[in-house]
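So that the names make sense, note that chain A is the first sequence line, chain B the second, and so on, each numbered from 1.
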Number of protein chains: 2
Amino acid sequence: MAYTATGLENRSDMAANRRVTIRDVAERAGVSVATASRVLSGNYAVPQATRTRVLRAAQALDYVANAHARALVGGGRKMVAVLVRQVTSPFYAHVAEGVEAEAAAHGWLCLVGTTGGEPQRELEFVQLMREEGARLVILVGGVVEDDTYRGRVAQYAQALNASGARLVLCGRPAPGPDIPALVVEFDNEAGARAITGHLLSAGHRRIVFLGGLPGNTALDARVAGYRAALAEHRLPPEAAHVIDSGLGREGGERAMAELLKRRRDFTAVFAGDDMVAAGALRAIADAGLRVPDDISVVGYNDIPLAADFNPPLTTVRTPAEELGREAVRIALRTPQDSPSSRHVLGTHIVVRESVAAPPPERTP
Amino acid sequence: MAYTATGLENRSDMAANRRVTIRDVAERAGVSVATASRVLSGNYAVPQATRTRVLRAAQALDYVANAHARALVGGGRKMVAVLVRQVTSPFYAHVAEGVEAEAAAHGWLCLVGTTGGEPQRELEFVQLMREEGARLVILVGGVVEDDTYRGRVAQYAQALNASGARLVLCGRPAPGPDIPALVVEFDNEAGARAITGHLLSAGHRRIVFLGGLPGNTALDARVAGYRAALAEHRLPPEAAHVIDSGLGREGGERAMAELLKRRRDFTAVFAGDDMVAAGALRAIADAGLRVPDDISVVGYNDIPLAADFNPPLTTVRTPAEELGREAVRIALRTPQDSPSSRHVLGTHIVVRESVAAPPPERTP
DNA sequence: GTGAAAGCGCTAACAA
DNA sequence: TTGTTAGCGCTTTCAC
């Protein structure tokens, strides 16, 4: 019923496919566009009588304001854009959801973009967001930190800042001092140190780090934490064994399978993230070994399904949604001209069933 | 280097925070805004000499066009909006990724919104997209199909259609005949029938459907398929046992645990989706039972981590990303005035290790 | 080939 | 209290 009224009425008293404008509303209400605008945008006192007349006309015409026209005259609109590698990765999805939720809570529009890991698309996205007039751009995820990166991101920051927008880097470093960018990240090193310590406390001495990604800031920090924990337990630097298989389930499975074929002189695996851990668990099971009886495994991120792995995975919880929320919160409360700052979010271990004491020494 | 040039130059020769416009570019290039516009929007032949001069000026000023102004004069811009319940659900995330990918491939901008399951936010989102001038709105996910739903969605469809935009419904029914909306969905009934048949072929006769959601079109179709398969195998209607626990890991775990406490006269569980299956597996393990030796379990959707469950889950593969891609493809190739149509995507079973023959009959 | 001018839909002075 | 007017930044006739 509601729909037929609206739909047919539109169709009958206006040209085909012409969007109804504020002019139409004003005309129907018998007022000027200015008056119509005043009641429709609601930031000006208008007497009740005219008010209702305009509102009624707008409703009858099913009027919606043209956001572009508004943005054009009002100087941009409240929009935040998040860019992630892919939304199908649980970690990124949670960050995006956090951003979206916090943005929505403040009445901001949120746009999610994906790069698939290509710096080129990142550049295009930032450019696009400048065109769209996004007031806040959030770039998520670890990166290879080299001069190219620094130059590129510094450029984003300057450009965005020049038009009054703000750049927030999540889990990636600021490109340099005095660059107008905010940074929010987890203390990856501390998290890695803690979970490596957990493995060491259980008695493990030969622990492999699976899923390194040289140059990637997030992974490098985890590797650093891993090495630091080893050192704290007075193990020599050679005790560290990092396999650079990169992230992803597939990589983890392949690298683990290969490693098991070559050597088995390790009793625990620290996977770079939970997806790598999933792959590793699969490979270990396929090799006929049991977790944690034969090999202990830990992951990183505590994705929702980590509790459903076989066995349930002991991992480091990184509150991804909180990261997203915090990114927009910080950006919204930081004045435009304040110095760039860096915020670090804590993490903690979630103990489940993938860690046990190492098996008794096998005779070689 | 690159960044200091840009940043400082902007800062020195223009008022603070004034976005550079086409006027600035024209001025610097020594041409009129009309000429600048012609080369910048690139849809008009301009001699090479002036062309380069304008381009050089634009680059020097780091000019980006104002998308709002463009949209205002050009009549909207290529933007597709997808609305899902939540991006952190693997299924929805894949649909969103499919939409995003296909949109990007066509040079369209993609905006992802989430409802958290609230119809109210759906309404707000559609309204917002009308304001933003989205030319394509995609609503994803099963719904309770009642008169309220039909009225609401019919209204969206009419309104969107009136301004030349298109509505695509993914996995939810059209609100009625002659409503301008496209529908793309999976054949849930066939998928459910097939996997129930798989269970029946393995010898199961007492199969519980866990995770019903009465009124929800997607789940109802699966339940229908489940009943149909039972009937095909000449089982009486009473053989069907549907537990309406709703979707989600938590619900699945709770319902399964409770069911196991009450009765154990079933040998297999058909979970409404993989997340429910994850919860069910957890509850079964906690009850000291084994899958598939004691109870067989199947899921629905084949999320990426289904292979990492304990045991790897036999489930129905629904190509979610393809659903998203297809939604935009269909919308882009369907002319505005063509009749509303419905497209059905096929699904298939993925056999893994969570199904076995039922255990030998226990004496009661 | 290029410029001047009109106008997209809206808001915000400025008048009345 | 309300209407008139001047743009926001851009594209696009229409002249020259």
Side-chain angles (χ1 to χ4, degrees), chain A residues 14-15 17-55 57-58 61-78 128 130-133 135 162-164, chain B residues 14-15 17-55 57-58 61-78 128 130-133 135 162-164:
Chain A
M14 61 179 273
N17 273 1
R18 221 200 86 246
R19 199 167 149 168
V20 7
T21 73
I22 199 171
R23 218 190 184 84
D24 302 316
V25 176
E27 207 164 302
R28 180 169 180 133
V31 298
S32 72
V33 284
T35 305
S37 169
R38 288 195 261 258
V39 358
L40 261 10
S41 47
N43 43 20
Y44 197 93
V46 173
Q48 198 53 245
T50 27
R51 203 182 134 70
T52 28
R53 251 189 322 143
V54 172
L55 252 22
L61 262 25
D62 194 22
Y63 167 80
V64 284
N66 182 323
H68 297 304
R70 278 200 168 151
L72 188 56
V73 56
R77 71 198 179 308
K78 295 174 172 183
L128 195 60
R130 289 221 278 150
E131 294 186 2
E132 293 292 330
R135 292 231 277 268
S163 56
Chain B
M14 59 180 273
N17 274 2
R18 221 200 85 247
R19 197 168 150 170
V20 6
T21 74
I22 199 170
R23 219 191 182 82
D24 302 317
V25 176
E27 207 165 302
R28 178 164 179 138
V31 298
S32 71
V33 284
T35 304
S37 170
R38 288 196 260 257
V39 359
L40 261 11
S41 47
N43 43 20
Y44 195 92
V46 173
Q48 197 52 245
T50 26
R51 201 182 135 69
T52 26
R53 251 188 324 142
V54 171
L55 253 23
L61 260 26
D62 194 23
Y63 167 79
V64 284
N66 183 324
H68 298 304
R70 277 200 167 149
L72 187 55
V73 57
R77 71 201 185 302
K78 296 174 171 180
L128 196 58
R130 289 222 279 150
E131 295 186 0
E132 294 292 330
R135 291 230 278 267
S163 55

Participant: Just how far is it from atom CZ of B:Arg53 to atom OG1 of B:Thr35, taken to the nearest 0.5 Å?
Facilitator: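 So the CZ of B:Arg53 and the OG1 of B:Thr35 are separated by 9.0 Å.
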Participant: Which nucleotides of nucleotides 10-16 of chain D have their base under 4.0 Å from a protein heavy atom (B), which only their sugar-phosphate (S), and which neither (-), written as one string 5' to 3'?
Facilitator: SBBB---
Participant: Extract all donor-acceptor atom pairs below 3.5 Å that involve side chains of residues 68-77 of chain B and protein atoms in other chains or at least two apart in sequence.
Facilitator:
{"from": "B:His68", "atom 1": "ND1", "to": "A:His68", "atom 2": "ND1", "distance (Å)": "3.2"}
{"from": "B:His68", "atom 1": "NE2", "to": "A:Arg77", "atom 2": "NH1", "distance (Å)": "3.1"}
{"from": "B:His68", "atom 1": "NE2", "to": "A:Glu132", "atom 2": "O", "distance (Å)": "2.9"}
{"from": "B:Arg77", "atom 1": "NE", "to": "A:Glu132", "atom 2": "OE1", "distance (Å)": "3.2"}
{"from": "B:Arg77", "atom 1": "NE", "to": "A:Glu132", "atom 2": "OE2", "distance (Å)": "2.9"}
{"from": "B:Arg77", "atom 1": "NH1", "to": "A:His68", "atom 2": "NE2", "distance (Å)": "3.1"}
{"from": "B:Arg77", "atom 1": "NH1", "to": "B:Glu132", "atom 2": "O", "distance (Å)": "3.3"}
{"from": "B:Arg77", "atom 1": "NH2", "to": "A:Glu132", "atom 2": "OE1", "distance (Å)": "2.7"}

Participant: Quickly work out the B:His68 NE2 to D:dC8 C1' distance and round it to whole Å.
Facilitator: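 To the nearest whole Å, that distance equals 11 Å.
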Participant: Among B:Leu40, B:Thr50, B:Val25, which one satisfies side chain to side chain contact (heavy atoms under 4.5 Å, CB included) with B:Leu55?
Facilitator: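 The side chain to side chain contact (heavy atoms under 4.5 Å, CB included) with B:Leu55 is passed solely by B:Leu40 among B:Leu40, B:Thr50, B:Val25.
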Participant: Looking at every non-hydrogen atom in both residues, tell me the closest pair between B:Arg19 and B:Asn66 and how far apart they are.
Facilitator: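 Taking every non-hydrogen atom into account, NH2-CA, 3.4 Å.
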Participant: Going by number, which of residues 45-54 of chain B have a non-hydrogen atom under 4.0 Å from DNA chain D?
Facilitator: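 DNA chain D contact set from residues 45-54 of chain B: none.
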Participant: Look up atom CZ in A:Arg130 and atom CG in B:Asp62, then write down how far apart they are to the nearest 0.5 Å.
Facilitator: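 Here the rounded value is 4.0 Å.
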Participant: Go through the structure and list residues passing side-chain contact (heavy atoms from CB on, under 4.5 Å) with A:Val33, not counting sequence neighbours.
Facilitator: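 Residues passing side-chain contact (heavy atoms from CB on, under 4.5 Å) with A:Val33: A:Ile22, A:Arg23, A:Ala26.
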Participant: Roughly how bent is the helix from C:dG1-D:dC16 to C:dA16-D:dT1 end to end, in steps of 10 degrees, with each end axis from five pairs?
Facilitator: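 The two end axes of the helix from C:dG1-D:dC16 to C:dA16-D:dT1 meet at 40°.
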Participant: With a 4.5 Å cut-off on side-chain heavy atoms, are A:Arg28 and A:Val20 touching?
Facilitator: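 Contact flag for A:Val20/A:Arg28 side chains = no.
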Participant: Which two nucleotides bound the region of DNA chain C that has atoms under 4.0 Å from heavy atoms of chain B, read 5' to 3'?
Facilitator: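 First-to-last contact on DNA chain C, by the 4.0 Å heavy-atom rule, is C:dG1 to C:dG9.
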Participant: Give the minimum heavy-atom separation between B:Val64 and A:Glu131, together with the two atoms involved.
Facilitator: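 Reported closest heavy-atom pair: CB-CG, 4.0 Å.
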